[in-house]
Amino acid sequence: MKKNLLSGVKPTGTAHIGNYFGAMKQFVDLQNSGNYQCHFMIADYHALNLIQDQEQMKNLTLELALDYLAIGLDPKKSILFKQSDVSAHTELAWIFDTLVSMPYLMRAHAFKDAEAKDKEISVGTFNYPVLMAADILLYNTDVVPIGQDQKQHVEYARDIAQKFNHTFIGSKIDCVNRHDEIFKLPEDLILKDVAVVPGIDGRKMSKSYNNIIPLFASREEIQKTVMGIVTDSGSDIPANVYAIHKLFKTEAELKLLYDANKGKYKALKEALIEDIDAFIKPMRERRAKLAQNPTMVHSILLDGAKRAKDIADKKLQEIKHAIGVL
Ligand code: TRP
């Protein structure tokens, strides 16, 4: 039996090569390993905490769907869907809300950070981990591939699963007979941040640092961004150029190139432009083709939603039965 895998991404804007090497590529590898039934979700209801504009929400959702498809997530192999299409997520989140205490949620890193910054946070942001637990637990998920920053959220999902099992099932079965528990406990699979992808200024690549290389950049954009990589004059090897180059070529290949071009920053940047462009081109072309047919993309998401709903609704029936409303 294949293990169940689920992950989600919020539709919040331009994917960059840091996102790709840090997470998206692993999604594709996990899908293609054949070991998992994969569920990849567009977490639009989570994003609603940040994006409160109709046009933007529509556009960003379509953009993320295009990104998913262009990198090689395959609707024939994986279930690709939008969170808001499967109402069981928010319904289960409510059920969990009644089990989870406020002090427990106040320990969440994301909440503490917002509080430390004196931000006024919405109830939705406060409850973020509860909705995420519902996302995960509706699909009998075994594994949740995520970045390090999301580890605590998977712990919340495990705790909530245990609390539910204990409250509604635990007392009715003897300790040995655990097979009719409702939720199994998911495990995180922490994606090795490929040594933290550096941006064009050498710091971690991040939209908030304004140092990204977009994943689907045109050749001109690649040229412009690479020419803007900050170089320290004086050394033979421009460190920031090399650090990014390492994502696209082996160290042996780079040794030849960098030995032959000691101190020639322009030539090295030009070689990097070629390598990035060769890498991005097929994905960029696939994305452009898909973008011409948004109707097809929407129908892929609808089909995914149908399959997700089948699983989630069945699970929700079990849950509703267990709590006594059905
Ligand atoms: N919180 C995740 C993030 O910001 C997105 C997400 C929502 C998610 N639901 C999920 C990830 C369920 C894994 C599983 O990256």
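These numbers come from the heavy atoms of this one structure, side chains and all, not from hydrogens, waters or symmetry mates. From a predicted model like this one, the values you see are computed outputs, not experimental measurements.
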Compute the centroid of each ring, for F81 and then for Y139, and state whether the two points are separated by less than 6.0 Å. yes
Kindly indicate whether the side chain of [X], heavy atoms from C-beta on, has any atom under 4.5 Å from the side chain of [Y].
X    : Y    : answer
Y36  : D142 : no
P186 : R158 : yes
N261 : L257 : yes
I71  : M283 : yes
P145 : L30  : yes
I190 : K151 : yes
L69  : P75  : yes
Y104 : K163 : no

Kindly indicate, with the supporting measurements, whether the criterion side chain to side chain contact (heavy atoms under 4.5 Å, CB included) is fulfilled by M106 and K112. CA-CA 7 Å; M106 283 164 143; K112 287 203 283 196; over 6 Å; no
Could you tell me whether [X] and [Y] have a side-chain N and a carboxylate O separated by less than 4.0 Å?
X    : Y    : result
K255 : D259 : yes
K25  : D29  : yes
K315 : E318 : yes
K249 : D275 : yes

Looking at [Y], is its backbone amide N or carbonyl O close enough to the side chain of [X] to form a donor-acceptor pair, meaning the two atoms are under 3.5 Å apart?
X    : Y    : result
E253 : T250 : yes
H321 : Q317 : no
Q292 : R287 : no
T141 : L137 : no
R286 : A70  : yes
D53  : Q56  : yes
Y156 : A108 : yes
K207 : T12  : yes
N293 : L290 : no
Y265 : D232 : yes

Report, as yes or no, whether the 6.0 Å neighbourhood of atom NZ on K58 holds more than 12 heavy atoms from other residues, nucleotides or ligands. no
Counting heavy atoms not belonging to Q52, are there more than 12 under 6.0 Å from its CD? yes
Looking at [atom1] of [X] and [atom2] of [Y], how far apart are the two atoms once the value is rounded to the nearest 0.5 Å?
X    : Y    : atom1 : atom2 : result
M41  : L64  : CE    : CG    : 10.5 Å
L191 : Q150 : CG    : CD    : 10.5 Å
L301 : T61  : CG    : OG1   : 8.5 Å
I311 : K306 : CD1   : NZ    : 14.0 Å
H245 : L268 : NE2   : CG    : 8.0 Å
Q37  : N140 : CD    : CG    : 11.5 Å

Where is the tightest heavy-atom contact between [X] and [Y], given as atom of each residue plus distance?
X    : Y    : result
A312 : V86  : CB-CG1, 3.7 Å
I213 : I276 : CD1-CD1, 4.0 Å
D277 : R219 : OD2-NH1, 3.0 Å
Q31  : L73  : OE1-CA, 3.4 Å
F183 : A161 : CB-CB, 3.7 Å
L131 : H89  : CD1-O, 3.7 Å

Using a distance-only test with no angle check, is there a side-chain donor-acceptor pair under 3.5 angstrom linking [X] and [Y]?
X    : Y    : value
S84  : D44  : yes
D236 : Y258 : no
N240 : D201 : no

Relative to each other, are the rings of Y128 and H46 parallel, tilted or perpendicular (30° and 60° limits)? tilted
With side-chain hydrogen bond (donor to acceptor under 3.5 Å, both in side chains) as the criterion, how do Y20 and D67 come out once you've worked through the C-alpha distance, each side chain's angles and the decisive distance to 0.1 Å? CA-CA 10 Å; Y20 180 76; D67 294 350; over 6 Å; no
Tell me whether [X] shares a hydrophobic cluster with [Y], the cluster being built from Ile, Leu, Val, Met, Phe, Trp, Tyr side chains joined at under 4.5 Å.
X    : Y    : value
I244 : M227 : yes
L50  : V123 : no
L326 : I169 : no
L99  : I323 : yes

Between I121, T125, L105, which is the residue that forms a side-chain contact (heavy atoms from CB on, under 4.5 Å) with F111? I121
Of V144, I146, N4, which meets side-chain contact (heavy atoms from CB on, under 4.5 Å) against I136? V144
Apply side chain to side chain contact (heavy atoms under 4.5 Å, CB included) to H39 and L5, showing your working. CA-CA 6 Å; H39 312 74; L5 177 152; 5.6 Å; no
Under the side chain to side chain contact (heavy atoms under 4.5 Å, CB included) criterion, do I79 and F40 qualify, and how do the steps go? CA-CA 6 Å; I79 300 182; F40 295 112; over 6 Å; no
Would K10 and N49 count as a side-chain hydrogen bond (donor to acceptor under 3.5 Å, both in side chains) here? Give the steps. CA-CA 10 Å; K10 289 198 294 279; N49 284 303; over 6 Å; no
If you apply the rule salt bridge (charged side-chain N to carboxylate O under 4.0 Å, His left out), what do you find for K119 with E115, and how did you get there? CA-CA 6 Å; K119 278 195 198 152; E115 230 197 1; over 6 Å; no
Take F164 and T167 through the side chain to side chain contact (heavy atoms under 4.5 Å, CB included) test and state the conclusion after the steps. CA-CA 5 Å; F164 185 100; T167 306; 5.9 Å; no
Between F279 and F21, is the ring-ring contact (aromatic ring centres under 6.0 Å, His included) condition met? List the steps. CA-CA 12 Å; F279 182 82; F21 289 104; 5.7 Å; yes
Kindly indicate whether a cation-pi arrangement holds for R203 with Y209, taking the cut-offs as under 6.0 Å to the six-membered ring centre and within 45° of the axis. yes
